[in-house]
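Here the structure comes first, spelled out in structure tokens, and everything after it is commentary.
Letters go in sequence order (proteins before strands), and every chain restarts at 1.
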Amino acid sequence: MEDYQDPLNKRKNIIVKVLQESTGEQDVQLVDGGEHADLASTVAFTLAKKQKTSPVQIAQNLVAIISNNPGFQATGARTVAKGPYINFTLDTSYLIESLQAAVQPGYGSHKKKGIRVVLEHTSANPNGPLHVGHIRNSIIGDTLARVFRKAGYGLEVQYYVNDMGRQIAIVVWGFDNLDSALREGEKEDAHIARVYIAANREIEKDPSITQQVNTLMQLVEHGDPVTMKKFRREVSRCLDGFAVTLKDLNVSHDRFVWESDFIRNGYTDRIIAMIKKLPQTQDEETLALDLKEFGFGNKYVIRRSDGTSVYAARDLAYHDWKAANFDRVIDVLGADHKLIASQLQCTMKLLGKKAPEIVHFEFVSLPEGSMSTRAGKFVSADDLITEIRKRAFDEVTVRRPELDEEMRKSIAQSVGLAAIRYDIIKVTPEKSTVFDWKEALDFERQSGPYIQYAHARACSILAKAGTFSLCYELKTDQEIALARQIAKFPSVIEKVAAELHPHVLATYSRELADTFNTFYHYEQVLKSEGNTRDRRLTLVRAVQNTLKESLETLGIDAISTM
RNA sequence: GGGCUUGUGGCUUAGCUUGGACAUAGCGCCGGGCUUCUAACCCGGAUGUCGGGGGUUCGAAUCCCCCCAGGCCCGCCA
């Protein structure tokens, strides 16, 4: 895989170069040819204006010139003018090259880039279980992490633990003052939420409790050992609960970074000292930045009048540390963080430091409104996982009654995971969504299980085929269509890493499954003979491997039977 | 009030950064296909003022301006 170069891009680059040489234009407008061709150029329109000639005429002339270009001829592509469009049809050589790569383990992986990336995701406040809004963050983040590793980046995934917020102080107050014993069978994070919700109710009834909460916050800020121990204990218990959920979702972090550490290690004081030197800084009662000149209407407060730091200060310290140790810093954050995140980016730039790249995702709400941990209004990820596994098990039992229970459970677990992850990742992060049980529990149609099914189907064919000799040839339209889709995979990985749009991989994987399913219904594999059988089995091997790599990059198990 | 963002068939959704040839798919609806490699599947059909209005352009879902509607944000919270 080391020096593998995407065969499609290789040819595309040559065509672009030839077009540039032939036209003298830098922007040669190479677009997807759709049903007409593999690639097309609309440069004739642009030239028509400059040359005052008809674009149809120009296209014809250019086609003649390009056809005679030796570099172009070497690609094996053909070009014809269709009206004003210059169409390019590639020969199957690039598909053959792609197939040879596609049957190898690790297809789609790019060579090591020597760039170190730190990716932060999930980072939910530890005051209750992860709900379906949080896991949108986790799944976007984890999918991006998988894509970055595949795209050849060195990667560290971090969870930033907000362990000194008001919410945690409220939790600690609840444990000190309310009935807070762990109930039979209760998970730690659900336990924390129960106490947190109850404590909030008490505060509503008796606002004087707020004073006690404030005291707890001050104690922890000033490093009181007893209080700090309490905070850390409750936060840790909640994180233990998160760990179970995240494992069920096949989501992982390399490191948990605690917010309070940035107070203790002096990084917060250090960044505050640097901020003080900025011309935008106002050091009066509070320490704040006036970022009006950059379009921010409100002040960006760094330190309170009582001398304690606010969240923003610790966050800056954290990002300073990340910027110093990594080449790229990426955060996955909810859209509600857009303002403070851009203030942070702005401040980092003012300090002459690397600003983080941020992937914002919009909210997941419930049909009855937005979710709230404090009000106890949320669908927990654990409930979703439990329910979907149950549904998946019933489904597997209906379809595969001959399998033993252990096997059915194992398949159900993988299918459930696929349904959840795909349902969430398929939608562009910019779109807010409403959680819908019916859609989340859907195993058919545009779903993770649909893609798993295509993969299992390919595995089944290969298992029955026995040994065969690899044969890289393409004859029928169905074969070519499938090879084309397989060939796109490496560039999809690159595109997702470049644009930070993981849903593109979801769309691609589904289209690959679609194409394979169509192929499957039109072309016989096992019953064909000789050379035809070998070349189709080779294609099935390639699509199986590409589906496997796609699914695993989506964090979904590529199971071989279901 | 200001800022950010979304608006694509009945519902969900791709495409928008980088303008190009009949706007992508799924659900639902109508009609077909399992003694044939896994029917969690496939094939065909109906369904669209790409929120509305202007503009730029040979060409706009895509770029610009205005408006409408939804979401989010504007704290010495995190």
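- Nucleic acid contact for A/Val540: none, since no nucleic acid atom lies under 4.0 Å from a heavy atom of the residue.
- Residue contacts for A/Arg510: at a heavy-atom cut-off of 4.0 Å it reaches the sugar-phosphate backbone alone, with no base atom in range.
- For A/Leu339, the side-chain atoms get nearest to B/rC73 when compared with the rest of B/rC37, B/rA40, B/rC73.
- At B/rA39, one or more side-chain N or O atoms of A/Arg457 fall inside 4.0 Å of OP1 or OP2 (strictly under the cut-off).
- Using N1 to N3 plus N6-O4 or O6-N4 for Watson-Crick, or N1-O2 and O6-N3 for G-U wobble, each under 3.5 Å, B/rA39 pairs with nothing.
- Residue contacts shown for A/Arg314 are limited to sugar-phosphate atoms, with no base heavy atom under 4.0 Å away.
- Here A/Tyr453 reaches the OP1 or OP2 of B/rA40: one of its side-chain N or O atoms lies under 4.0 Å away.
- Residue A/Arg445 places its side chain closer to B/rC27 than to any other of B/rA40, B/rU38, B/rC27.
- Contact between the side-chain N/O atoms of A/Thr518 and the OP1/OP2 oxygens of B/rC43 is found at a separation under 4.0 Å.
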Protein N or O to nucleotides 29-34 of chain B N or O, pairs below 3.5 Å:
none

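- A sub-4.0 Å separation between OP1 or OP2 of B/rA78 and a side-chain N or O of A/Arg304 is present.
- At the heavy-atom level, A/Thr286 lies under 4.0 Å from base atoms of the strands shown.
- The side chain of A/Tyr450 contributes no N or O atom lying less than 4.0 Å from OP1 or OP2 of B/rA39.
- Among the protein residues, A/Ser528 comes within range of no part of the nucleic acid, since none of its heavy atoms lies under 4.0 Å from any strand.
- Taking atom P on both B/rA21 and B/rC50, the two are 15 Å apart, rounded to the nearest angstrom.
- Taking the charged nitrogens against the carboxylate oxygens, A/Asp290 and A/Lys292 do have a contact shorter than 4.0 Å, which makes a salt bridge.
- Heavy atoms of A/Tyr522 sit under 4.0 angstrom from primed sugar atoms or phosphate atoms, though from no base atom.
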Along nucleotides 14-21 of chain B, 5' to 3', which nucleotides get a B, which get an S, and which get a -, given that the test is a protein heavy-atom distance under 4.0 Å?
SS-BB-BB
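- When A/Arg536, A/Gln478, A/Lys475 are each tested for a side chain to side chain donor-acceptor pair (under 3.5 Å) with A/Glu523, only one passes: A/Arg536.
- Picking from B/rC58, B/rU38, B/rU36 the nucleotide with the shortest atom distance to the side chain of A/Ala456 gives B/rU38.
- Contacts of A/Val213 with the nucleic acid, taken as non-hydrogen atoms under 4.0 Å apart, are absent.
- Listed candidates were B/rA78, B/rA40, B/rG26. Nearest to the side chain of A/Glu395 is B/rA40.
- A donor-acceptor pair under 3.5 Å links the side-chain atoms of A/Asp436 to the main chain of A/Lys438, judged by distance alone.
- For a distance-only test at 3.5 Å, the side chain of A/Glu285 qualifies as a donor-acceptor partner of the base of B/rC76.
- For the P atom pair drawn from B/rG55 and B/rA60, the interatomic distance equals 12 Å after rounding to whole Å.
- Proximity note for A/Gln446 (side chain, C-beta onward) versus B/rG26, B/rU36, B/rU5: the nearest is B/rG26.
- Here A/Arg166 lies in heavy-atom contact (under 4.0 Å) with sugar-phosphate atoms only.
- Note on A/Ile340: a base of the nucleic acid sits closer than 4.0 angstrom, heavy atoms only.
- Other residues, nucleotides and ligands place more than 12 heavy atoms under 6.0 Å from the CZ atom of A/Arg232.
- Phosphate proximity of B/rC74 to A/Tyr300: absent, as no side-chain N or O sits under 4.0 Å from OP1 or OP2.
- Using a 4.0 Å heavy-atom cutoff across all strands shown, A/Met164 reaches no nucleic acid atom at all.
- B/rG2 is paired with B/rC73 under the Watson-Crick or G-U wobble criterion, all donor-acceptor distances under 3.5 Å.
- Nucleic acid contact class of A/Glu284 (heavy atoms, under 4.0 Å, all strands): none.
- Base engagement by A/Val525 is indicated by at least one non-hydrogen atom pair under 4.0 Å involving a base atom.
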